[in-house]
K.L.:
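Shown below is the structure under consideration.
Keep in mind that the numbers below use all heavy atoms, side chains included, and drop hydrogens, waters and symmetry copies. Chain letters run A, B, ... following the sequence lines, proteins first and then strands; every chain starts at 1.
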2 protein chains.
Amino acid sequence: MPATIKDVAKLANVSISTVSRVINNAPNVNPNTRKRVLDAINKLNFKPNKIAQSLTATAFPAIGIVSLTRFSNEAFLPLILQSIGEVADKKDYEIVLNTSKDENQEIKKCISMIESKVIQGIIILSSKVNDPLIEKLYEMKFPFVLLGRYTNERIANEIYSVDTDNFADSKEAVEYLFKLGHNRIAFIHGPLKYVVSQDRLSGYIEAHKEAAIPVDYSIIKDGGSSIKEAYLAAKEILKNPNPPTAVFVSDDSKAVGVYRACQELNLKIPDDISVIGHNNYEISQILSPQLTTIDVPIKDLGIIGTRKLFDLIEGIPTEKRTILDTKFIKRKSCKSLI
Amino acid sequence: MPATIKDVAKLANVSISTVSRVINNAPNVNPNTRKRVLDAINKLNFKPNKIAQSLTATAFPAIGIVSLTRFSNEAFLPLILQSIGEVADKKDYEIVLNTSKDENQEIKKCISMIESKVIQGIIILSSKVNDPLIEKLYEMKFPFVLLGRYTNERIANEIYSVDTDNFADSKEAVEYLFKLGHNRIAFIHGPLKYVVSQDRLSGYIEAHKEAAIPVDYSIIKDGGSSIKEAYLAAKEILKNPNPPTAVFVSDDSKAVGVYRACQELNLKIPDDISVIGHNNYEISQILSPQLTTIDVPIKDLGIIGTRKLFDLIEGIPTEKRTILDTKFIKRKSCKSLI
DNA sequence: AATGAATTTAAAAACGTTTTCACAAAAACT
DNA sequence: AGTTTTTGTGAAAACGTTTTTAAATTCATT
């Protein structure tokens, strides 16, 4: 049986209150006594029971992450988890994972963790267009930070979030292609239930509007959330009777599917077709030719988002919405037609 | 302030013991009383405080996962986390993540979670050759399950683990290449500090031994843990004055680097060079030509490993070591030379 | 030396549950 | 009817801490 505070008290011949004071570095404890207690603690290898500590604090030091499935297939899960971990570690908080697959279970699990006092805050990894989880958490006034953007007008400006400007970045990429002389550009996006997919699509459309180039929905396709789906989408697009001269993919890993489709159809990148990706995953440098893409500071999203969450938890005033800078990275997958 | 058991007791006009009995579905409570209590619980939206519950149980229902960095770059982190989550959810256990980067911190964090009573068991995602964490946990007799194999003779047979037979699978792949008439086969492996990398290398070597084909270490290279490193390794190997006719890569995602290297050097797969991967990630079907590989049941590793851990926690006897079946998947990346 | 203030300590209450023990009431036996 | 068993309930202790209150000790001041 591990030692408790009582054992320490007995051995050091003091009361448990004194031991508690020593543990918590309270002032007002005689240096001699402190030493005696510290010795006892060492001798017994005493470690305070975190559960018991949180009972009086009425809060267990942990934050929740919701949820893996919001982008389970994406290359950045490890990065984002690790960056969240870095910040949480410094605060000596635990990270508890919500791995729920379906939406109902996801919410239920969250509420349960909150109500049973297991977590003090939540990081939401990505937002859906009408996100019942976000609505619910907002309504509960429970501290949470969204890594993304929420669109529901009523509360969009009220929630705390960290994001990049997907709309602008997407627009910029398309404009770059316009400048290169492309005016028939395909777009392969992720599942439109996610706001990030919507935003990237909107940027694509807005660029067209501003350039007065009509949007052709026959070359805009859902690339799902797997490489294979993107590959299938690309193949369909490229077989279009009036094929595009460029394709913009909303995720580098989906670009792998596009490259494959091009290869199969004997289309040379960038000579026959230009490609741009998004996110700047490692793979974008390995693809041949190297992929032009938009660098998203994934680790910073995690770090800054988690810091914001701790500000919320600790009642420190913090900016509602933080937009992180991105960088358009020109590589070898685009060709000028002019 | 959320309702406590006392509030419920008062409203239902019973003692807190009775409420507790209702919460825990104890027998011996009058149907009428039970109904009254249930009504009160609903009216107050009472949810037992898990922290308080675990204080008396002297154990918080959670398991730890150690650690992300043990294969942060691999495609199967989401899968494994999710499969662990599935099982833990059923048991109503939380999953707490250890995201430590360096080895010392990893151990410290683990010990701390154990000693402060935050977790009841640990899943170790992968083993190192001399793994101080495993040694320590074993010595502490703390319940843990390794997803992999441990080599330290003294305790190898004592620890609980789930794994595939990396040695045999690797050997089989090489033998397949032999049968196809290849006898100069390169090997690109992962970091040798991990047992899985060692085992896959050993299988490669053993196949050579049995076939009485000398092992040439100039075409065996460390592909690190990134696609880029694998790409670099492949390039070096392929430039060998006496180049191999096939390359076996210990991870499908590394195979992407190999494909890229071949392309750059104008080597056609499988005509000029055959390639075999390992793990059967989604990417292996997207690569062109589709990659011959070894299917590893990733989700099953997680599910069976976590079940085993719960057996340990609950004191149910369970098999020490479980080996899962794999499947050699022939696709288009190998050519017969005969 | 007496008073008051500051420091240090102990005792006890509290956090929200579960569990043990005791006892009353009801039911089942003689 | 009297005795035993079963059922249902409440009071109190326990889990391992922190926090509050109060008391004892030390120290400075007069």
K.L.:
Rounded to the nearest angstrom, tell me the gap between atom CD1 in Ile51(A) and atom P in dC15(D).
P.N.:
16 Å

K.L.:
Output the rounded distance in Å from CZ (Arg21(A)) to C1' (dT7(C)).
P.N.:
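After rounding, the reported distance stands at 11 Å.
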
K.L.:
Are a donor atom and an acceptor atom from the side chains of Asn98(A) and Ser100(A) found within less than 3.5 Å of each other?
P.N.:
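Yes.
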
K.L.:
Please list, chain by chain and in numerical order, all residues satisfying salt bridge (charged side-chain N to carboxylate O under 4.0 Å, His left out) with Lys101(B), sequence neighbours excluded.
P.N.:
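For Lys101(B) the salt bridge (charged side-chain N to carboxylate O under 4.0 Å, His left out) partners, ignoring immediate neighbours, are Glu86(A).
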
K.L.:
Distance check: side-chain N/O of Thr56(B) vs OP1/OP2 of dA14(D), anything under 4.0 Å?
P.N.:
no

K.L.:
Mind checking what makes side-chain hydrogen bond (donor to acceptor under 3.5 Å, both in side chains) contact with Lys91(A), not counting sequence neighbours?
P.N.:
Glu314(A)

K.L.:
Phe60(B) has an atom CZ; how far is it from atom C1' of dT17(D), in whole Å?
P.N.:
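So the two atoms are 16 Å apart, to the nearest Å.
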
K.L.:
Looking at dT9(C), I'd like to know if its phosphate oxygens (OP1 or OP2) sit under 4.0 Å from a side-chain N or O belonging to Asn28(A).
P.N.:
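Indeed not, no polar side-chain atom of Asn28(A) lies that close.
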
K.L.:
Applying salt bridge (charged side-chain N to carboxylate O under 4.0 Å, His left out), which residue pairs with at least one partner in residues 121-134 of chain B are found, sequence neighbours left out?
P.N.:
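Pairs touching residues 121-134 of chain B that pass the test: Arg70(B)-Asp131(B), Glu103(B)-Lys128(B).
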
K.L.:
Could you tell me the separation between the NZ atom of Lys50(B) and the P atom of dC15(D), rounded to a whole number of Å?
P.N.:
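It is 23 Å, rounded to the nearest whole Å.
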
K.L.:
Figure out the CG/P separation between Asn30(B) and dT9(D), and round it to whole Å.
P.N.:
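Computing the Asn30(B):CG to dT9(D):P distance gives 5 Å.
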
K.L.:
Round to a whole Å and report the spacing from CG of Asn24(B) to P of dG16(C).
P.N.:
17 Å

K.L.:
Please list, in numerical order, the residues of residues 6-17 of chain A that have a heavy atom closer than 4.0 Å to any atom of DNA chain C.
P.N.:
Asn13(A), Val14(A), Ser15(A), Ser17(A)

K.L.:
Can you measure Ile5(A) atom CD1 to dA10(C) atom P for me and round it to whole angstrom units?
P.N.:
12 Å

K.L.:
Do Thr99(A) and Gln82(B) have a side chain donor and acceptor closer than 3.5 Å?
P.N.:
no

K.L.:
Once salt bridge (charged side-chain N to carboxylate O under 4.0 Å, His left out) is applied, do any residues pair with Asp39(A), and if so which ones, sequence neighbours excluded?
P.N.:
Lys35(A)

K.L.:
For nucleotides 23-26 of chain D, tabulate all protein N/O to nucleotide N/O atom pairs closer than 3.5 Å, reporting atom names and distance.
P.N.:
none

K.L.:
List in chain and number order the residues that pass side-chain hydrogen bond (donor to acceptor under 3.5 Å, both in side chains) with Glu135(A), two or more places apart in sequence or in another chain; answer none if no residue qualifies.
P.N.:
Tyr150(A), Asn152(A), Arg154(A)

K.L.:
From the options dT17(C), dG8(D), dG16(D), select the nucleotide whose nearest atom is closest to the side chain of Asn49(A).
P.N.:
dG16(D)

K.L.:
Across the strands shown, which category fits Thr18(A) at heavy-atom distances under 4.0 angstrom: base, sugar-phosphate, nothing?
P.N.:
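Sugar-phosphate contact only.
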
K.L.:
Can you name the side-chain hydrogen bond (donor to acceptor under 3.5 Å, both in side chains) partners of Tyr93(B), sequence neighbours left out?
P.N.:
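Checked Tyr93(B) against side-chain hydrogen bond (donor to acceptor under 3.5 Å, both in side chains); matches are Gln120(B).
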
K.L.:
Please tabulate, for side-chain N and O atoms in residues 11-19 of chain A, each donor-acceptor pair with protein atoms closer than 3.5 Å (sequence neighbours left out).
P.N.:
{"from": "Ser15(A)", "atom 1": "OG", "to": "Ser17(A)", "atom 2": "N", "distance (Å)": "3.4"}
{"from": "Ser15(A)", "atom 1": "OG", "to": "Ser17(A)", "atom 2": "OG", "distance (Å)": "3.1"}
{"from": "Ser15(A)", "atom 1": "OG", "to": "Thr18(A)", "atom 2": "N", "distance (Å)": "3.4"}
{"from": "Ser15(A)", "atom 1": "OG", "to": "Thr18(A)", "atom 2": "OG1", "distance (Å)": "3.4"}
{"from": "Thr18(A)", "atom 1": "OG1", "to": "Arg21(A)", "atom 2": "NH2", "distance (Å)": "3.3"}

K.L.:
How would you list, by chain and number, every residue that makes a side-chain hydrogen bond (donor to acceptor under 3.5 Å, both in side chains) with Arg307(B), sequence neighbours excluded?
P.N.:
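Testing Arg307(B) for side-chain hydrogen bond (donor to acceptor under 3.5 Å, both in side chains), a comparison that skips the adjacent residues, returns none.
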
K.L.:
Using distance alone, with no hydrogens and no angle criterion, decide if Ser161(A) and Lys320(A) have a side-chain donor and acceptor under 3.5 Å apart.
P.N.:
no

K.L.:
Near DNA chain C, counting only heavy atoms under 4.0 Å, which residues of residues 32-46 of chain A show up?
P.N.:
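Within residues 32-46 of chain A, the residues near DNA chain C are Thr33(A).
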
K.L.:
Name all residues meeting the salt bridge (charged side-chain N to carboxylate O under 4.0 Å, His left out) criterion together with Lys47(A); count only those two or more places apart in sequence or in a different chain, and write none if there are none.
P.N.:
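Expected list: Glu115(B).
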
K.L.:
With DNA chain D as reference, determine whether Val29(B) or Leu55(B) sits nearer its 5' end, using the nearest nucleotide of each.
P.N.:
Val29(B)

